[in-house]
Amino acid sequence: MHQRNMPLYNRLITHISNKPISFHVPGHKNGELLEEENPFKEFAQFDVTELTGLDDLHDSQGAIKDAQHLLTELYNSRKSYFLVNGSTVGNLAMILATCHEDDTVLVQRNCHKSILNGLMLAKVNPIFFSPEMNKSLSIPAGPNPELIRHAIGEYPHAKVLILTYPDYYGQAYHIKEIIDIAHEHNMIVLVDEAHGAHFQLGDPFPASSLELGADIVVHSAHKTLPAMTMGSFLHINSEKISEQKVEFYLNVLQSSSPSYPIMASLDYARYYLSNFTKEDIAFFIQERHLFIKQLQEGSGLAVITTDDPLKLIVRHESLTGFELQSQFEKAGIFSELADLYQVLLILPLVKQDTRFPFSEAIERIRLLSLESRKTSDEINIFTEIKNPVDLMELSYTYKEMLNMPYEWVYINHSVGRIAAKMIIPYPPGIPLLLPGEKVTEEHLQHLQALIQGGARFQGETEKMAVFIDVHET
Ligand SMILES: Cc1ncc(COP(=O)(O)O)c(C=O)c1O
């Protein structure tokens, strides 16, 4: 079958064009029960279920099987899967399918919370290795291969290495060297490549870890490709991985009623990517170049680029990232995230026949008067994030933590205690503190700076949950 086909997408369209009458789930009955003025009415027609001809994600024999086959071909993997619960479910499944209880697992510290949840569910013993810092952007960068070598030397029985590549900001790193080091020691390499589904395009985008030999790779198609939210891919990339195990966990963890709009959008996203030409890449780069140039003209904004051309970091000399983000929002421009220093924009992967309102965005930004409400002294109090410890073990195992009592203390009384819950600035969803991690003065300073700067958090920030160690009291 050719990459110009969209087996599932077309099957769904054909089904709808036959004007079917629904006596099946979902209860909106092809949207018939939605009022005429409800804007979801038309869309609801696509929200069907496992009807004859529409196949079944959990036992694919027809259109979904063909669509996943095309996906496998495009990414040149051993087997690729559609996911309907985001990279979150892909990360959980890849960990559960490859790690056993009590296994030692090496994990990049600045990983997404879904990786941490996977480690907890698998009840493994994680050893966290820190990334290096990108001092100019004040954010973590990639891990150093030498640190991985050292970690393997310290923990020679570690079986699995879990990497995050690229990061939210589009920073890539020497992942090939790290994958090769791990493979030399017979380790399995799992990569959360949530932000890199488009790396398949090749230059000028960084290489995908699939191409560089990772054993399982997870992509959030919905983050950078034209797929619907929650639409993701999981790719098995080596014979060391048991397909049966991965499929077992995908089956267990995903809904038995997977969304057809999401799956059809994944078929479309694969089609979009596979038919993205060299001329389309040139067009995207040209649009991006013009946008960057115009952003920097006269508005006091500076644009910083990283390895992934789809990501732009925007700074203003007298505004925190959070302030700049809220200024943009006043103009109806919504960014992906902000931190203390900058705002992150994810550009659209436009091709020659698509139009995106870049110039309207520029016009709106030019009408803003970008001024800080804070004095520069206040901004300067934000701490330089120092290099954290290279290798970290948790103070308790996940099995111990499961039944340990905890209490809530004010954050300024938390230093020296062991965190019982994650504290997660969101986005990006990378926990500042992990359950089982000892709270340091530096954690506290960083947390206070984020709170003061206006960061959004998942969970409590005034108080922190810390374990009560019954052996110590
Ligand atoms: C690095 C990384 N991994 C995994 C995820 C989870 O992805 P999803 O939203 O597709 O479940 C995210 C979400 O932001 C992420 O940034």
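Every number for a ligand or one of its atoms is a count from 1 in the order of the listing.
Relative orientation of the H219 and Y75 rings is tilted, given thresholds of 30° and 60° on the angle between their planes. Classified by interplanar angle (parallel below 30°, tilted 30° to 60°, perpendicular above 60°), the ring pair Y406/W408 is perpendicular.
Not counting sequence neighbours, the partners of S136 by the side chain to side chain donor-acceptor pair (under 3.5 Å) test are N134.
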Does ligand 1 have any N/O pairs with the protein under 3.5 Å, and how far apart?
{"from": "ligand 1", "atom 1": "3 (N)", "to": "D192", "atom 2": "OD1", "distance (Å)": "3.2"}
{"from": "ligand 1", "atom 1": "3 (N)", "to": "D192", "atom 2": "OD2", "distance (Å)": "2.5"}
{"from": "ligand 1", "atom 1": "7 (O)", "to": "S220", "atom 2": "OG", "distance (Å)": "3.4"}
{"from": "ligand 1", "atom 1": "10 (O)", "to": "S87", "atom 2": "N", "distance (Å)": "2.8"}
{"from": "ligand 1", "atom 1": "10 (O)", "to": "S220", "atom 2": "OG", "distance (Å)": "2.8"}
{"from": "ligand 1", "atom 1": "10 (O)", "to": "H222", "atom 2": "NE2", "distance (Å)": "2.7"}
{"from": "ligand 1", "atom 1": "11 (O)", "to": "S87", "atom 2": "N", "distance (Å)": "3.1"}
{"from": "ligand 1", "atom 1": "11 (O)", "to": "T88", "atom 2": "N", "distance (Å)": "2.9"}
{"from": "ligand 1", "atom 1": "11 (O)", "to": "T88", "atom 2": "OG1", "distance (Å)": "2.6"}
{"from": "ligand 1", "atom 1": "14 (O)", "to": "K223", "atom 2": "NZ", "distance (Å)": "2.9"}
{"from": "ligand 1", "atom 1": "16 (O)", "to": "H195", "atom 2": "NE2", "distance (Å)": "2.8"}

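Cation-pi check for K351 over Y272 is met; the charged atom lies under 6.0 angstrom from the ring centroid and within 45 degrees of its normal.
Looking only at distances, a side-chain donor or acceptor of D55 sits under 3.5 Å from a matching main-chain atom of I64.
The aromatic ring centres of Y260 and F46 sit 6.0 Å or more apart.
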